**Student:** 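The structure follows.
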Amino acid sequence: MSDAKTSPVRPGVVKTVTSLANPTVKDIRSLQQRKFRQQTGRFVAEGLKLVTDAVEAGWPIEIFVHAEKIGTQDAVAQTAAKVKARGGLILQVSEAVLSKMTHRDNPQMVIGVFRQRLKKLADIDASGATVWVALENIKDPGNLGTVIRTVDSVGASGVILIGDTVDPFSIETVRATMGSIFAVPVVKASVEEFLAWKDTFPGPVIGTHLAGAVDYRTIDYPEPMILLMGNEQSGLPQRIADSCDRLVKIPMAGRADSLNLAVSTGIMLYEARRSRLVL
């Protein structure tokens, strides 16, 4: 994939593109692959509101792409002007080109190419924290995107990705966040880094586990705290479960023996929020 040295983004340039052979179109299409997102530090977000909100929030945007037929709409023109003023590239493209860029038959009329923002554990200010959600070895982009969106909705502090997790900047994950990827801090850490760091965190680590003997509704959720959730299939490995201050479970009333990870995380976050409001 072309990088900034071989395919420069010239400040304020506006281009009309109809060819799939265009180098910038090829670059954007390649961001569907994780290795190119990692190499370039870029990712794609879809939808006018999502892209506009991200630009308003100050996220560094490199390319603003819109369908030719909506170029005169006020919201599109205003966002394009802001991107242009910041030195970004504006592309007007056909719907066929948009479809190829997003790998969708009915693409959004606007997409943006942004710079990634990943934090480290050392960046976390625990003194101002409420609840950090730590996800170990999560694999499903829809689950991760939904968790990020839920963290945003309850006003939690952020998400910590532990170990070999799905890419938070995949187009599927970003799509599932519904824009919350631009509002929620995301931290990446190895298992060893997390286990060493969590001992310095001023609040408890509360994990969900099938072996948990305590009903999640019966305990207090102090601030700050870390809510630790495991992999979709296997849950928390024993080593990480043993590192928790409390292990809780969500009782099952029917025949199912477990819940979807994103649903479980939502239940836990809203219970923690309810507990704080009651207190």
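All values derive from a computational prediction rather than experimental measurement. Counting begins at 1 with the first residue of the sequence.
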**Student:** Nearest 0.5 Å, please: how far is CG in Asn143 from CG in Leu135?
**Tutor:**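 Reported value, rounded in 0.5 Å steps: 9.0 Å.
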
**Student:** Counting only N and O atoms by type, is there a donor-acceptor contact under 3.5 Å from the side chain of Lys188 to the main-chain atoms of Gly163?
**Tutor:**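 Yes: the side chain of Lys188 pairs with the backbone of Gly163.
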
**Student:** Do side-chain atoms of Ser170 reach the backbone of Arg34 as a donor and acceptor pair under 3.5 angstrom?
**Tutor:**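 No: the side chain of Ser170 does not pair with the backbone of Arg34.
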
**Student:** Is any side-chain heavy atom of Ser264 closer than 4.5 Å to one of Thr208?
**Tutor:**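 No, too far: nothing below the 4.5 Å cut-off.
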
**Student:** Side-chain donor-acceptor pairs under 3.5 Å in residues 110-123, sequence neighbours left out?
**Tutor:**
residue: Arg115; atom: NH1; partner: Thr40; partner atom: O; Å: 2.9
residue: Arg115; atom: NH1; partner: Glu62; partner atom: OE2; Å: 3.1
residue: Arg115; atom: NH2; partner: Thr40; partner atom: O; Å: 3.1
residue: Gln116; atom: NE2; partner: Arg37; partner atom: O; Å: 3.1
residue: Gln116; atom: NE2; partner: Arg42; partner atom: O; Å: 3.0
residue: Arg117; atom: NH2; partner: Gly58; partner atom: O; Å: 3.4
residue: Asp123; atom: OD2; partner: Lys120; partner atom: N; Å: 2.8

**Student:** Is there a donor-acceptor contact under 3.5 Å from the side chain of Asn260 to the main chain of Ala262?
**Tutor:**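 Here the side-chain-to-backbone pair exists.
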
**Student:** Please name all residues satisfying side-chain hydrogen bond (donor to acceptor under 3.5 Å, both in side chains) with Lys49, sequence neighbours left out, ordered by chain then number.
**Tutor:**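 Applying side-chain hydrogen bond (donor to acceptor under 3.5 Å, both in side chains) to Lys49 gives Asp53.
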
**Student:** If hydrophobic clusters are built by linking Ile, Leu, Val, Met, Phe, Trp and Tyr wherever their side-chain heavy atoms come under 4.5 Å apart, do Tyr216 and Val205 end up in the same one?
**Tutor:**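 No, no single cluster joins them.
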
**Student:** Does the Thr165 side chain pair with the main chain of Ile162, one donor and one acceptor, at a distance under 3.5 Å?
**Tutor:**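 Side chain of Thr165 to backbone of Ile162, a donor-acceptor pair under 3.5 Å: no, none is there.
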
**Student:** For Leu91 and Ile28, run side chain to side chain contact (heavy atoms under 4.5 Å, CB included): C-alpha distance rounded to whole Å, both residues' side-chain angles, the deciding distance at 0.1 Å, then the answer.
**Tutor:** CA-CA 11 Å; Leu91 293 186; Ile28 295 173; 4.2 Å; yes

**Student:** For the atom pair CG (Leu31) and CD1 (Ile171), what is the distance rounded to the nearest 0.5 Å?
**Tutor:**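 Nearest 0.5 Å value for the CG-CD1 distance: 9.0 Å.
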
**Student:** Roughly how far, to the nearest 0.5 Å, is the OG1 atom of Thr16 from the CD atom of Glu68?
**Tutor:**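 The distance works out to 5.5 Å.
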
**Student:** Report whether Leu236 and Val214 are members of the same hydrophobic cluster (ILVMFWY, side-chain heavy atoms less than 4.5 Å apart, transitive linking).
**Tutor:**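 No; Val214 is not reachable from Leu236 via cluster members.
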
**Student:** Flag the pair Arg217 / Val248 as yes when at least one side-chain heavy-atom distance between them is below 4.5 Å, and no otherwise.
**Tutor:**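 Not in contact.
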
**Student:** Show your working on side chain to side chain contact (heavy atoms under 4.5 Å, CB included) between Val51 and His66 and close with a plain yes or no.
**Tutor:** CA-CA 11 Å; Val51 173; His66 65 82; over 6 Å; no

**Student:** Is it true that Met229 and Ile138 fall in one hydrophobic cluster, defined by side-chain heavy atoms closer than 4.5 Å?
**Tutor:**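 Result: yes, single cluster for both.
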
**Student:** Applying a strict under-4.5 Å side-chain criterion to I, L, V, M, F, W and Y, I'd like to know whether Val83 and Val174 cluster together.
**Tutor:**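 As far as the 4.5 Å side-chain criterion goes, Val174 and Val83 are connected within one cluster.
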
**Student:** Would you say Glu136's side chain and Ile240's backbone share a donor-acceptor pair under 3.5 angstrom?
**Tutor:**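 Checked: no pair found.
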
**Student:** If two hydrophobic side chains count as joined below 4.5 Å and joins carry through other members, does Ile219 share a cluster with Leu228?
**Tutor:**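 No; Leu228 is not reachable from Ile219 via cluster members.
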
**Student:** Just checking Lys139: does its NZ atom have more than 12 heavy atoms from other residues, nucleotides or ligands closer to it than 6.0 angstrom?
**Tutor:**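 Count over threshold, so yes.
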
**Student:** Any heavy-atom pair between the side chains of Val151 and Ser180 that's under 4.5 Å?
**Tutor:**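 Side-chain contact under 4.5 Å: no.
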
**Student:** Dump the intermediate steps for side chain to side chain contact (heavy atoms under 4.5 Å, CB included) on Met109 and Glu95, then the final yes or no.
**Tutor:** CA-CA 8 Å; Met109 293 294 100; Glu95 288 185 54; 3.8 Å; yes

**Student:** According to the ring pair (Phe, Tyr, Trp, His ring centres under 6.0 Å) rule, which pairs have a member within residues 128-170, sequence neighbours left out?
**Tutor:**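 Non-adjacent pairs meeting ring pair (Phe, Tyr, Trp, His ring centres under 6.0 Å): Phe43-Phe169.
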
**Student:** Quick check: does any side chain N or O of Ser99 sit under 3.5 Å from a backbone N or O of Ala96, one acting as donor and the other as acceptor?
**Tutor:**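 Judged by distance alone, no pair lies under 3.5 Å.
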
**Student:** Can you tell me how far CZ of Arg246 sits from OH of Tyr221, rounded to the nearest 0.5 angstrom?
**Tutor:**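 If we round to the nearest 0.5 Å, Tyr221:OH and Arg246:CZ are 9.0 Å apart.
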
**Student:** May I ask you to decide whether Glu46 forms a salt bridge with Arg175, counting only side-chain N to carboxylate O separations under 4.0 Å?
**Tutor:**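 Judged by the 4.0 Å cut-off on N to carboxylate O distance, Glu46 and Arg175 do form a salt bridge.
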
**Student:** Roughly how far, to the nearest 0.5 Å, is CD1 of Ile61 from CG of Leu89?
**Tutor:**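 Going from CG on Leu89 over to CD1 on Ile61, the span is 10.0 Å.
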
**Student:** Have Glu223 and Thr130 got a donor and an acceptor in their side chains that come within less than 3.5 Å?
**Tutor:**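 The answer is no; no qualifying pair exists.
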
**Student:** Donor-acceptor pair, distance only, cut-off 3.5 Å: does the side chain of Lys198 make one with the backbone of Ser243?
**Tutor:**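 A pair under 3.5 Å: yes.
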
**Student:** Return yes when atom CG of Asp199 has more than 12 non-hydrogen atoms of other residues, nucleotides or ligands closer than 6.0 Å, and no otherwise.
**Tutor:**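 Count over threshold, so yes.
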
**Student:** Drop me the distance from Phe36's CZ to Asp27's CG, to the nearest 0.5 angstrom.
**Tutor:**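 Answer rounded to 0.5 Å: 9.0 Å.
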
**Student:** Ignoring hydrogens, what is the shortest heavy-atom contact between Ser157 and Pro185? Give both atom names and the distance.
**Tutor:**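 Heavy atoms only, the tightest pair is O-CD, 3.3 Å.
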
